[in-house]
Number of protein chains: 2
Amino acid sequence: MNKERDDTLASRISRVLAERIISGVLPPGERLRQDHVAEEFGASHVPVREAFRRLEAQGLAVSEPRRGVRVAAFDLKEVREVAEMRAALEVLALRHAVPHLTPAILDRAEAATAAADSSRDVRSWEAANRAFHRIILEPCSMPRLLAAIDDLHAASARFLFSAWRSSWEARTDHDHRAILTALRQGKGEEAAAILGRHVGWIGKTPVRTAAGEVRDAFSIIG
Amino acid sequence: MNKERDDTLASRISRVLAERIISGVLPPGERLRQDHVAEEFGASHVPVREAFRRLEAQGLAVSEPRRGVRVAAFDLKEVREVAEMRAALEVLALRHAVPHLTPAILDRAEAATAAADSSRDVRSWEAANRAFHRIILEPCSMPRLLAAIDDLHAASARFLFSAWRSSWEARTDHDHRAILTALRQGKGEEAAAILGRHVGWIGKTPVRTAAGEVRDAFSIIG
DNA sequence: CGTGTAGAAATTATAGATAATTTGAGATCA
DNA sequence: TGATCTCAAATTATCTATAATTTCTACACG
């Protein structure tokens with residue numbers, strides 16, 4: 001009755017597994033055994049295999065021909081890669097979105113920024129942050145580009161969660177506000193430039209904290 | 001014995017279908033019925049379904065939940081989208097590849113350009129063109145970025161083949177040579193700028209031909 | 001002429017069979 | 001005694017075969 005029958009079982013499994021990989025419940029390198037997953041979802045292993053294929057395409061899992069599927073590992077090198085790809089593609093998307101931005105859209109973006117600033121845990125901050133980016137980029141109406149950006153956001157979120165697993169303090173996003181004011185003033189190129197720097201990798205200044213020094217390297221993922 | 005057993009059956013099917021979609025043998029909108037494909041390959045429908053998922057992720061096919069899979073359609077709008085994504089990502093890749101480019105690599109790139117110039121059909125031209133781009137971008141050693149570019153190249157090739165199906169005359173690629181000379185002179189940024197213009201959409205000058213005027217719009221896909 | 005219902009076809013999911021890889025115990029050799 | 005090699009058993013991925021919803025089509029009926 002209440003079963004969501006709009007989507008297939010495979011895509012449901014894929015969503016749940018993606019959620020777990022992104023949030024870190026499934027750690028990098030973990031083997032994904034199809035029989036176990038199938039049993040957990042009360043399903044057969046065929047839809048599970050299809051879900052694996054989708055995760056593989058999203059870059060969340062890697063599959064070796066007859067040796068199974070593992071959660072994709074990621075190193076600092078790939079963090080940079082994802083960040084730079086995001087920077088390049090989001091700047092492109094914003095350039096095309098600018099002509100279609102309305103005050104109402106910018107207001108929604110501002111609300112998302114406020115939600116991010118007032119969030120108290122990483123999960124809600126990440127959700128609000130992603131919402132901000134989505135809102136200002138969606139009007140470009142380039143579905144393929146937006147889909148690619150979404151996948152990169154998922155990868156970014158993995159790094160974010162893995163770094164700030166335990167400790168997290170709220171932070172205000174000055175860049176977001178700067179982007180919004182530039183957009184309100186019609187300075188599209190300036191907004192794009194800020195966005196590019198904002199998303200891109202700028203971990204040049206590692207601030208050493210008592211708790212851990214790794215977290216600084218990840219902190220600039222916006 | 002001689003069966004390539006390094007890869008799975010599903011990926012083999014996916015490659016063949018991708019080839020057909022790109023070359024235009026399977027026209028846009030064509031339904032892909034899993035039973036028929038399975039029968040043709042002498043296989044069951046489960047690996048076929050996995051192949052469909054991969055094609056879907058590559059943007060070569062679209063799937064409606066319980067209504068089957070069709071070859072992805074494409075319009076001029078999406079051609080632009082793909083071209084601009086390629087421009088953004090290939091520029092990024094080239095910037096990272098520049099420090100690792102050696103004279104030997106540039107020689108191989110030059111050979112690929114020569115092969116493109118002397119090719120007499122679209123197929124071989126496209127292959128040589130793609131080789132050129134791959135050769136100069138690969139040294140960036142960013143696997144995720146390169147994979148994304150590969151998928152975009154496949155999409156580009158679809159448009160290319162659909163436009164130049166029947167008529168084709170050889171053309172020399174001045175841009176490729178300009179990129180190479182800039183790289184040999186150590187002018188990385190200049191090369192990146194040329195590449196961006198080369199790949200990006202610049203169909204501003206439609207040249208009317210006796211045969212058909214559509215082909216001009218596609219002709220700039222490099 | 002529109003609507004509703006049977007029949008056909010196709011997609012989705014399940015269960016079972018096959019093939020390959022990994023694991024572990026035991027034997028052989030240094 | 002310790003290490004390595006071999007071979008068998010178990011584990012796991014891959015594929016085939018079959019069943020069950022769902023959608024599309026055609027035809028009759030109001």
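Hydrogens, waters and symmetry mates play no part in the numbers below; they use all other heavy atoms, side chains included. Naming: A, B, ... by sequence-line order, numbering from 1 per chain.
Of the residues near DNA chain C, B:Asp35 and B:Val46, the one whose nearest nucleotide (by heavy atom distance) lies more toward the 5' end is B:Asp35. Nearest-nucleotide mapping onto DNA chain D: of A:Gly68 and B:Arg31, the residue sitting toward the 5' end is A:Gly68.
Contact record, A:Leu137 with A:Leu195: CD2-CD2, 4.3 Å, taken as the closest heavy-atom pair. Closest of all the heavy-atom pairs between B:Pro28 and B:Phe74 is CG-CE2, 3.7 Å.
Using a 4.0 Å heavy-atom distance criterion, B:Leu32 is classed as a sugar-phosphate-only contact.
Using a 4.5 Å heavy-atom threshold, the side chains of B:Arg134 and B:Leu146 count as touching. Side-chain contact between A:Ile13 and A:Phe52 is absent, with no heavy atoms from C-beta onward closer than 4.5 Å.
Rounded to a whole Å, the CD atom of B:Glu56 is 14 Å from the C1' atom of C:dT12. Across the protein-nucleic acid pair, B:Leu9 atom CG and D:dA13 atom C1' stand 13 Å apart, rounded to whole Å. Rounded to a whole Å, the CD atom of A:Glu50 is 7 Å from the P atom of C:dT12. For B:Arg53 and C:dT11, the CZ to C1' distance is 10 Å, given to the nearest whole Å. Taking atom CZ of B:Phe41 as the reference point, atom P of D:dT14 lies 18 Å away to the nearest angstrom. As a whole-Å value, the separation of A:Glu64 CD from D:dT14 P is 11 Å. Atom pair A:Glu39:CD and C:dA15:P shows a separation of 12 Å (rounding to whole Å applied). One interatomic measurement links the two molecules: CZ of B:Arg70 to C1' of C:dA10, which rounds to 13 Å at whole-angstrom precision.
Contact of B:His45 with C:dA10 (side chain to base): no donor-acceptor pair of N or O atoms is detected under 3.5 Å.
Close to D:dT11, at under 4.0 Å from its OP1 or OP2, lies no side-chain N or O of A:Arg33. At least one side-chain nitrogen or oxygen of B:Arg67 sits closer than 4.0 Å to the OP1 or OP2 atom of D:dC24. For D:dT21, the OP1/OP2 oxygens have no side-chain nitrogen or oxygen of B:Arg66 closer than 4.0 Å. Taking 4.0 angstrom as the limit, B:His36 places a side-chain polar atom (N or O) nearer than this to OP1 or OP2 of C:dA10. For B:Thr8, no side-chain nitrogen or oxygen approaches OP1 or OP2 of D:dA13 to under 4.0 Å.
Taking the centre of each ring, B:His176 and B:His133 come in below the 6.0 Å mark.
In the set D:dC15, D:dT14, C:dT11, the nucleotide with an atom closest to the side chain of A:Arg49 is D:dT14.
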